[in-house]
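Please read all numbers here as calculations on a predicted model, not as lab measurements.
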Amino acid sequence: MSRPGGEITVAELPLRAELRGASAYGAPQLDVPVRLNTNENPHPPSAALVDDLATSIRSAAPHLHRYPDRDAVALRTDLAAYLSRQTGVALSVDNVWAANGSNEVLQQLLQAFGGPGRTALGFEPSYSMHPILVSGTQTTWLPMPRGADFAIDVPAAVQAVREHRPDVLFVTSPNNPTGQSSTIDELRGLLDAAPGIVVVDEAYAEFSPAPSAVELIAEYPSRLVVSRTMSKAFAFAGGRLGYLVAAPAVVEAMLLVRLPYHLSVLTQVAARAALRHAEDTLGSVAQLAAERERVSEALRTLGFHVVDSDANFVLFGRFADAAASWQRYLDAGVLIRDVGIPHYLRATMGLREENDAFLRVSSELATDLAPDVEGAPA
Ligand SMILES: Cc1ncc(COP(=O)(O)O)c(C=O)c1O
């Protein structure tokens, strides 16, 4: 096949200096029997939702020659209604902004509140896109370490925030890839110390018993932004819909940086259809949380260390060589995630039979464990 221009490599392009030699973000997308690597909901859309989606798209299709509602008012109204029900906090359309996945929401936040000469601070290990989005907006990234067993050491975190005074502070709750939630009191401590915007990334909130930071918006209107997604609990990863909840002024700020018509007509109608079936879809959340407890317990019985998780995944180890063990899972047909934390791997909760397959391979890999790894968190 002819590939015009195929002789040119990226290294020959006049790329921005910070992008030279960088590799693209992304977990391997491999066709294997058991895929537990990207924290999706393993349950496909119900037949009723598929029908509703098809009908919704059919009625939107004759209007595709027109641009979409660039402010996505109907969708944001539906999201506000859903979140009011889910959190018990009364929210209006003016409190909600939506984009193509919460990654785009986070990027828009950094476009508005980060940028050259500004800083963003986060507690690592955490979601690896945060520093990538930070550097993509030429914001300076300030990584701070988490404490024992990867929980935020709140007094040390508050001190770091006071000292560095970041323009943007990221708190991921529950944290990906380690699974812990932050309590409302812990968030208050960080919000009281933070001089800038505090983004609480709640991509996995529906799986957690911890109250949402949404209840703090009235208390910290000029600082707090809660980011959410339909990719996880909502089983809508392929639909690409993320949103934020904040004071109306933050939503107005998003209008300054968003691309015009960023959310297609198809995305808006599909997300509204998915929201109409929320109760049914979210029925899988309790079941996935129960699977998380079952899998964690089984792994512990096999001798693994499992970090307590409030999300739909578990971080476990400690492997002598996590990359080699990851490959052994893959060779056995189970794709999990090597998130780059020495001695640990992350597994997303799948269907019961997928989790059983994962546990069968785990029982064979218990010989890969190095329980006394020096320097591993307790
Ligand atoms: C903590 C966290 N935030 C945000 C996202 C982005 O999700 P999406 O762009 O699909 O909404 C993810 C996805 O894995 C995540 O783990």
Side-chain angles (χ1 to χ4, degrees), residues 24-50 52-54 56-57 72 75 78-79 82-83 86 97-108 126-130 132-133 172 174-177 179 201-208 226-244 262-264 266-289 291-292 309-314 334-337 339 346-351 354-355 358:
Y25 170 88
Q29 291 193 303
L30 303 174
D31 194 10
V32 293
V34 180
R35 287 192 345 203
L36 304 175
N37 72 329
T38 43
N39 297 345
E40 294 141 328
N41 188 324
H43 297 277
S46 66
L49 172 51
V50 170
D52 194 349
L53 278 165
S56 306
I57 287 175
L75 169 60
D78 291 352
L79 285 165
Y82 159 68
L83 213 62
Q86 210 254 332
W97 178 245
N100 296 283
S102 54
N103 281 325
E104 187 179 18
V105 168
L106 298 173
Q107 184 176 52
Q108 291 173 339
S126 189
Y127 181 43
S128 55
M129 275 306 294
H130 292 161
I132 293 172
L133 294 167
T172 314
N175 187 46
N176 175 15
D201 183 339
E202 290 193 351
Y204 302 94
E206 285 92 346
F207 296 104
S208 172
V226 182
S227 119
R228 290 263 184 142
T229 181
M230 292 179 72
S231 295
K232 311 297 180 181
F234 256 101
F236 198 65
R240 308 306 299 131
L241 203 287
Y243 54 105
L244 66 73
H262 66 299
L263 272 182
S264 82
L266 301 177
T267 302
Q268 293 187 37
V269 297
R272 293 190 70 202
L275 283 163
R276 281 195 289 277
H277 296 257
E279 212 169 305
D280 188 23
T281 309
L282 293 172
S284 65
V285 166
Q287 186 215 325
L288 289 167
E291 278 295 283
R292 174 189 71 212
S309 172
D310 283 343
N312 64 335
F313 53 80
V314 292
V334 178
L335 178 60
I336 57 171
R337 188 77 171 262
V339 285
R346 190 195 70 194
T348 306
M349 293 305 100
L351 303 172
E354 294 176 316
N355 298 335
F358 161 71

With sequence neighbours excluded, what pairs up with Gln86 under the side chain to side chain donor-acceptor pair (under 3.5 Å) test? Arg228
Would you please name every residue forming a side chain to side chain contact (heavy atoms under 4.5 Å, CB included) with [X], sequence neighbours left out?
X	value
Glu104	Ala99, Asn100, Gln108, His262
Thr229	Ser102, Ala203, Ser231, Lys232
Arg35	Val32, Leu335
Pro174	Ser181, Tyr204, Ser208, Asp310, Ala311

Measuring only between side-chain heavy atoms, which start at C-beta, is [X] closer than 4.5 Å to [Y]?
X	Y	result
Leu79	Leu241	yes
Asn103	Tyr127	yes
Thr38	Thr348	no
Leu83	Tyr243	yes
Val339	Ser128	no
Ser56	Arg276	yes
Pro42	Leu288	yes
His43	Leu351	yes

Quick one: closest heavy-atom pair of [X] and [Y], and the distance?
X	Y	result
Ala233	Thr281	O-CG2, 4.0 Å
Leu53	Ala273	CD2-CB, 4.0 Å
Leu75	Ala271	CD1-CB, 3.7 Å
Arg292	Ser309	NE-O, 3.0 Å
Pro177	Arg346	CB-CD, 3.7 Å

Name all residues meeting the salt bridge (charged side-chain N to carboxylate O under 4.0 Å, His left out) criterion together with Glu291; count only those two or more places apart in sequence or in a different chain, and write none if there are none. Arg294, Arg352
Give, for atom [atom1] of [X] and atom [atom2] of [Y], the distance between the pair rounded to the nearest 0.5 Å.
X	Y	atom1	atom2	value
Tyr25	Leu133	OH	CG	9.5 Å
Glu206	Tyr82	CD	OH	3.5 Å
Asn176	His130	CG	NE2	8.5 Å

List the steps and the verdict of side chain to side chain contact (heavy atoms under 4.5 Å, CB included) for Leu275 and Phe234. CA-CA 8 Å; Leu275 283 163; Phe234 256 101; 3.7 Å; yes
Start with the C-alpha gap between Leu106 and Asp201, add the side-chain angles, then the distance that decides, and say whether side chain to side chain contact (heavy atoms under 4.5 Å, CB included) holds. CA-CA 9 Å; Leu106 298 173; Asp201 183 339; 3.8 Å; yes
Can you tell me if Gln268 uses its side chain to pair, donor with acceptor, with the backbone of Leu263 under 3.5 Å? yes
Side chain to side chain donor-acceptor pair (under 3.5 Å) between Arg337 and Asn39, worked out: CA-CA 10 Å; Arg337 188 77 171 262; Asn39 297 345; over 6 Å; no
